[in-house]
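Everything on this sheet refers to the single structure shown next.
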2 protein chains.
Amino acid sequence: MAGISIGELSRLTGVHIETIRYFEKVGLVDKPDRTEGGHRVYADQHVRRLGFIKRARELGFSPDEVRAILSLGGPENACCDEVREIAVHHLEQVRRKMADLARLERLLASTVERCSGGHVPECAVIDMLETAAS
Amino acid sequence: MAGISIGELSRLTGVHIETIRYFEKVGLVDKPDRTEGGHRVYADQHVRRLGFIKRARELGFSPDEVRAILSLGGPENACCDEVREIAVHHLEQVRRKMADLARLERLLASTVERCSGGHVPECAVIDMLETAAS
DNA sequence: TCTGCCACCTGTAGTCACTACAGAATCAAG
DNA sequence: CTTGATTCTGTAGTGACTACAGGTGGCAGA
């Protein structure tokens with residue numbers, strides 16, 4: 001209710017003060033009111049918005065994707081179909097990345113297993129890295 | 001056999017010319033010989049080394065991990081146990097990342113499924129992003 | 001040999017998403 | 001009114017490159 005300082009906002013949301021100012025600069029959060037002396041004064045709306053951004057970033061949405069959702073009018077006004085499209089696209093990327101990692105995991109695991117582990121210059125890991133096949 | 005220009009090296013390895021020079025600057029690849037005029041002249045050894053670096057990076061080894069392997073004397077001399085340790089550590093990180101992505105995938109997938117997709121302001125994706133639970 | 005042109009050189013600056021600092025001003029409590 | 005914490009602006013740093021500007025090198029054809 002009462003005005004929130006940037007420090008409180010930071011504590012409430014877990015977003016660094018510097019990052020909050022950065023988000024303001026790049027237009028991810030609205031410019032807050034100021035005190036006479038120029039200190040930022042935030043409202044509850046900013047807490048929600050910043051929490052939203054933080055969570056979306058944690059979930060791997062790129063800043064541009066977050067921006068896209070926000071530009072749809074923000075969590076308050078965005079239309080489901082448009083937001084859904086962004087989420088679906090993001091889901092596809094996540095699945096692609098998972099597949100990549102799974103291949104990598106198999107390769108690494110089997111390589112490490114083949115590895116003698118002895119203090120010798122023959123090494124399956126090195127062999128793998130030297131070999132161009134994926 | 002014959003000297004290789006930086007352009008050829010780039011074509012052979014698929015690494016950008018600028019990146020090759022960057023790798024030289026940060027010490028990932030040895031400084032090559034030069035022509036009288038100052039152009040870099042590479043040998044086969046550089047092709048192997050650069051290919052090695054490229055592949056390790058593609059496999060998600062961080063530059064520091066690559067540096068660590070190279071500092072063990074490079075692919076030619078490194079000892080299996082030390083390299084293995086780096087690879088095992090990397091494997092752990094890959095698995096952690098996979099688990100993260102899997103959680104994210106489930107959340108996104110179930111959310112998108114719940115999503116009406118209509119042109120309405122109620123949206124499961126927004127709800128998810130607004131909700132702080134992971 | 002001269003000319004043309006591409007490849008290459010160095011050095012600097014830009015990217016992204018922040019993070020970190022310096023030095024000054026403001027705020028809140030006592 | 002003083003003190004100490006907080007906040008302010010603006011700039012610079014991070015990592016891992018990428019991109020450019022402005023100047024040479026190398027080599028083929030005339």
Side-chain angles (χ1 to χ4, degrees), chain A residues 2-43 46-47 49-71 90 93 97, chain B residues 2-43 46-47 49-71 90 93 97:
Chain A
I4 297 168
S5 76
I6 197 170
E8 285 171 289
L9 182 58
S10 174
R11 253 166 277 130
L12 284 168
T13 59
V15 178
H16 285 171
I17 288 178
E18 324 272 23
T19 307
I20 295 173
R21 287 199 280 252
Y22 168 75
F23 282 166
E24 180 183 329
K25 201 173 68 178
V26 300
L28 274 178
V29 298
D30 294 343
K31 292 182 190 250
D33 291 341
R34 299 284 185 130
T35 64
E36 301 230 327
H39 285 201
R40 290 170 178 83
V41 179
Y42 294 95
H46 290 100
V47 181
R49 168 64 59 102
L50 199 54
F52 181 86
I53 294 170
K54 183 176 186 240
R55 182 152 167 78
R57 296 289 293 115
E58 282 171 359
L59 292 178
F61 286 86
S62 73
D64 274 353
E65 287 171 324
V66 176
R67 224 184 299 273
I69 297 176
L70 293 176
S71 78
H90 182 48
Q93 288 181 318
K97 206 176 285 177
Chain B
I4 297 170
S5 75
I6 197 169
E8 283 172 291
L9 182 58
S10 173
R11 251 165 280 131
L12 285 168
T13 58
V15 178
H16 285 173
I17 288 178
E18 324 271 24
T19 307
I20 296 172
R21 287 199 281 250
Y22 168 74
F23 282 166
E24 181 183 330
K25 200 174 67 179
V26 299
L28 275 179
V29 298
D30 292 344
K31 293 183 189 246
D33 290 341
R34 300 282 187 133
T35 63
E36 302 229 325
H39 286 202
R40 289 170 178 82
V41 180
Y42 294 94
H46 291 99
V47 181
R49 168 64 59 102
L50 200 54
F52 180 86
I53 293 170
K54 186 180 184 232
R55 181 153 168 79
R57 297 289 292 114
E58 283 172 357
L59 291 178
F61 285 86
S62 73
D64 274 353
E65 286 172 326
V66 176
R67 224 184 299 273
I69 296 177
L70 292 176
S71 78
H90 182 49
Q93 288 182 318
K97 206 175 285 177

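Quick caveat: nothing in here was measured; it's all calculated off a predicted structure. The chains referred to below are lettered A, B, ... by the order of the sequence lines, with proteins before strands, and numbering in each begins at 1.
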Can you tell me the distance, in whole Å, between the NZ atom of Lys25(A) and the P atom of dA20(C)?
-> 15 Å

Shortest non-hydrogen contact from Pro32(A) toward Val41(A) | CB-O, 3.4 Å

Spacing of Asp64(B) atom CG relative to dA16(D) atom P, expressed in whole Å | 6 Å

Which heavy atom of Arg57(B) sits nearest a heavy atom of Val66(B), and at what distance?
-> CD-CG2, 4.0 Å

Arg40(B) side chain near dC9(C) phosphate (N/O to OP1/OP2, under 4.0 Å) | yes

Between atom NE2 of His46(A) and atom CG of Leu50(A), what is the distance when rounded to the nearest 0.5 Å?
-> 9.5 Å

In whole angstrom, give the distance that lies between atom CD of Glu65(A) and atom C1' of dC16(C).
-> 15 Å

Arg11(B) atom CZ is separated from dC6(C) atom P, nearest whole Å, by 14 Å

Integer-rounded Å distance: dC17(D) P and Lys54(B) NZ | 12 Å

In whole Å, what is the span from the CZ atom of Arg57(A) to the P atom of dC16(C)?
-> 13 Å

Out of curiosity, Leu9(A) CG to Arg11(A) CZ, how far, rounded to the nearest 0.5 Å?
-> 10.0 Å

Every protein N/O within reach of nucleotides 23-27 of chain C N/O, cut-off under 3.5 Å:
{"residue": "dC27(C)", "atom": "OP1", "partner": "Thr35(A)", "partner atom": "OG1", "Å": "2.7"}
{"residue": "dC27(C)", "atom": "OP1", "partner": "Gly37(A)", "partner atom": "N", "Å": "3.0"}

Interatomic distance, Thr13(B) atom OG1 to Tyr42(B) atom OH [nearest 0.5 angstrom] = 9.5 Å

How far does NZ of Lys54(A) sit from CG of Leu59(A), to the nearest 0.5 angstrom?
-> 11.0 Å

Contact nearer the 5' end of DNA chain D, comparing Pro63(B) with Ser5(A) = Ser5(A)

Contacts to DNA chain D from residues 14-24 of chain B, heavy-atom cutoff under 4.0 Å, which residues?
-> His16(B), Glu18(B), Thr19(B), Tyr22(B), Phe23(B)

Pairwise distance CZ(Phe61(B)) to CD1(Ile53(B)) - rounded to 0.5 angstrom | 13.5 Å

Run the side-chain donor-acceptor check on residues 17-27 of chain A: report pairs under 3.5 Å with partners two or more places apart or on a different chain.
{"residue": "Glu18(A)", "atom": "OE1", "partner": "Arg21(A)", "partner atom": "NH2", "Å": "3.4"}
{"residue": "Glu24(A)", "atom": "OE1", "partner": "Arg40(A)", "partner atom": "NE", "Å": "2.8"}

Separation of Lys31(A) atom NZ from dC8(D) atom P, in whole Å?
-> 13 Å

Hey, are the side chains of Ile69(A) and Phe52(A) touching, using non-hydrogen atoms and a 4.5 Å cut-off?
-> yes

